[in-house]
Number of protein chains: 2
Amino acid sequence: MTMTHPTATLVEDTTEVTSQTIRDALRDAIVDRRLAPGTKLSEADVGTIFKVSRTLARSALQALSYEGLVVVERNRGAFVASPSLEEARQIFASRRILEPGILAEAARRIGPAEIAALRHLLKEEERLIEARGQHARRAEIKASGDFHLALADMAGNAVLRRFMDELVARSSLVIALYGQSAISSCGHQEHEAIVTHIETGAIDEATAMMLHHIDHIEADLDLRAKTGSDLKEALLQSL
Amino acid sequence: MTMTHPTATLVEDTTEVTSQTIRDALRDAIVDRRLAPGTKLSEADVGTIFKVSRTLARSALQALSYEGLVVVERNRGAFVASPSLEEARQIFASRRILEPGILAEAARRIGPAEIAALRHLLKEEERLIEARGQHARRAEIKASGDFHLALADMAGNAVLRRFMDELVARSSLVIALYGQSAISSCGHQEHEAIVTHIETGAIDEATAMMLHHIDHIEADLDLRAKTGSDLKEALLQSL
DNA sequence: ACAGCTAAAATTGTATACGATCTGCGGAGA
DNA sequence: TCTCCGCAGATCGTATACAATTTTAGCTGT
């Protein structure tokens, strides 16, 4: 409770809410599936929740629409994206093209420290799989994506990293819509196998396993409907 | 001259200037190199030129920053992006990963009609190479990018297409900054070779040629400086 | 009861207003 | 002469105001 800044209206947790803050919070909520596909994201509501004007709320929603997480219809408003089956197919097709390349690039730069970091992620994944409760389940799904993003980080290419950011986030939406089983634990084992292959320098095998892994995720999809969820409740939960 | 809409203030060429219009015009100007890297893009100036408020101008600049064509520095303004050598390397590394995959995907869907369309593009390229003048040179550079984008279109994947959009546009910036020779005509011959290989079903050879082609473009880069250019003049030229 | 129309409410689109930050210039002092 | 300070102008960040569009509710007539 350090009152070092007398001018600040609140104690310290006010890290200046900006468009970026809102964007990140909304993205988290969408990727975490606290906001279901199709949910209406009214500018006024978002602004009110974050205590900013519609200007910033609108800016954040625009940004999310560029990432494909939100769809903005002119004069109608913004909605959490609801990818069609065709879009889903395209997203996974893109991952099949990008991820082997990222893996190859990353493998060339990975040392013992990076292997350790990946294994640490896998440990966390494992822990969450064993844990119970909805919160753990959400964290598990996010951890699964984080593995792919960590790999993208290690490729040392900001462009590829950003593309993967988008693909992983949209994949989460697709899984929310069409996934029939929760993330299967064999996905985790495939992650393990990939790391092991990288460690032993078996790049081709690591690549093959990565493709198998992506196929596996996509094979778990099925068609079904989903309804909207409540905006405010989902966001307040993240505080 | 159909005056069917008495309420409209202007005859018809007013296609309602929106954020999208401005974004496209600016992107064209940047990719066409009518706006040099580093050029300041003041919100007020952009708004004045397009006769809209700063709101829309700002929105367009934001959008361009998501594409990597513009860099926005807080409280300082927007500038035409000036990719570093490292960024340039990353952009081409990304293309080396994406384009072979796109090529493979496209090859599976390409029929006689698509081959004809590609050959038509090549004809246009050829014509521009032979033509003289700065305008022809700009058109030639754009045509070169259009070939890659046409291929991406034929892959039938909107996600990949958008990634390529960004990569081609940013490549244009990189070439503007670091390219030493103008687009060499051998680039055109490589395009020809790719189409021929696709037509004869030699996908592996087409892929190899594509990689060679990208290497070729990147090998033509060198380090040198560039100055800013005038915003208004560059934009008005496009009307 | 239901289809269609109209008016009011809600929501988005765009412009403007105002405060905050940065930039550039000129003068005071060493 | 050089450096540092401070003030004025310019530019950006955010909020608010107003216009345009969509949605909704209610009414009327069949």
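All chains are named by letter (A, B, ...) in the order of the sequence lines, taking the proteins before the strands, and each is independently numbered beginning at 1. When reading the values below, keep in mind they use all heavy atoms of this one structure, side chains included, and skip hydrogens, waters and symmetry mates. Model, not experiment: these values are computed from the prediction.
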| Start at the 5' end of DNA chain D and walk down; is the nucleotide closest to B:Gly77 or to A:Arg76 reached first? |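 Here B:Gly77 is the residue nearer the 5' end.
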
| Non-neighbouring partners of B:Ser59 that pass side chain to side chain contact (heavy atoms under 4.5 Å, CB included), sequence neighbours left out | B:Ser19

Among all residues two or more places apart in sequence or in another chain, which pass the salt bridge (charged side-chain N to carboxylate O under 4.0 Å, His left out) test with [X]?
{"X": "B:Asp146", "value": "none"}
{"X": "B:Glu99", "value": "B:Arg95"}
{"X": "A:Arg58", "value": "A:Glu43"}
{"X": "A:Asp165", "value": "A:Arg161"}

| Do any pairs count as a ring pair (Phe, Tyr, Trp, His ring centres under 6.0 Å) and have a residue in residues 148-175 of chain A, sequence neighbours left out, and if so which ones? |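 Listed once each, the pairs are A:His148-A:His191, A:His148-A:His213, A:Phe163-B:Phe163.
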
| ring pair (Phe, Tyr, Trp, His ring centres under 6.0 Å): which pairs involve residues 55-81 of chain B, sequence neighbours left out? |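 Every ring pair (Phe, Tyr, Trp, His ring centres under 6.0 Å) pair that includes a residue of residues 55-81 of chain B, provided the two are not neighbours, is A:Tyr66-B:Tyr66.
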
| Should the pair A:Asp28-A:Lys142 be classified as a salt bridge under the 4.0 Å nitrogen-to-oxygen rule? |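 A salt bridge links A:Asp28 with A:Lys142.
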
| said: Any salt bridge linking A:Asp215 with A:Arg96? Criterion: basic side-chain nitrogen under 4.0 Å from a carboxylate oxygen. | reply: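 Salt bridge between A:Asp215 and A:Arg96, a charged N being under 4.0 Å from a carboxylate O: yes.
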
| Tell me, which of residues 63-75 of chain B have any heavy atom that sits under 4.0 Å from an atom in DNA chain C? |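 Close to the strand are B:Asn75.
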
| Those residues of residues 52-60 of chain B lying under 4.0 Å from DNA chain C by at least one heavy atom | B:Val52, B:Ser53, B:Arg54, B:Thr55, B:Leu56

Show me the donor-acceptor pairs within less than 3.5 Å that the side chains of residues 69-76 of chain A make with the rest of the protein, sequence neighbours left out.
{"from": "A:Glu73", "atom 1": "OE1", "to": "A:Arg76", "atom 2": "NH1", "distance (Å)": "3.0"}
{"from": "A:Arg74", "atom 1": "NH2", "to": "B:Glu16", "atom 2": "OE2", "distance (Å)": "3.4"}

| query | What is the 5' to 3' range of DNA chain D, first to last nucleotide, that sits under 4.0 Å from any heavy atom of chain A? | reply |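 Using the under 4.0 Å cut-off, the span is D:dT14 to D:dT23.
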
| field | Nucleotide range of DNA chain C lying under 4.0 Å from chain B heavy atoms | value | C:dT14 to C:dT23

| task | Write down the atom of A:Ile102, the atom of A:Leu151, and the distance for their closest heavy-atom approach. | result |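 Minimum heavy-atom separation between A:Ile102 and A:Leu151: CG2-O, 4.0 Å.
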
| message | Quiz question: by atom type and distance under 3.5 Å, do the side chains of A:Arg137 and A:Gln134 form a donor-acceptor pair? | response | no

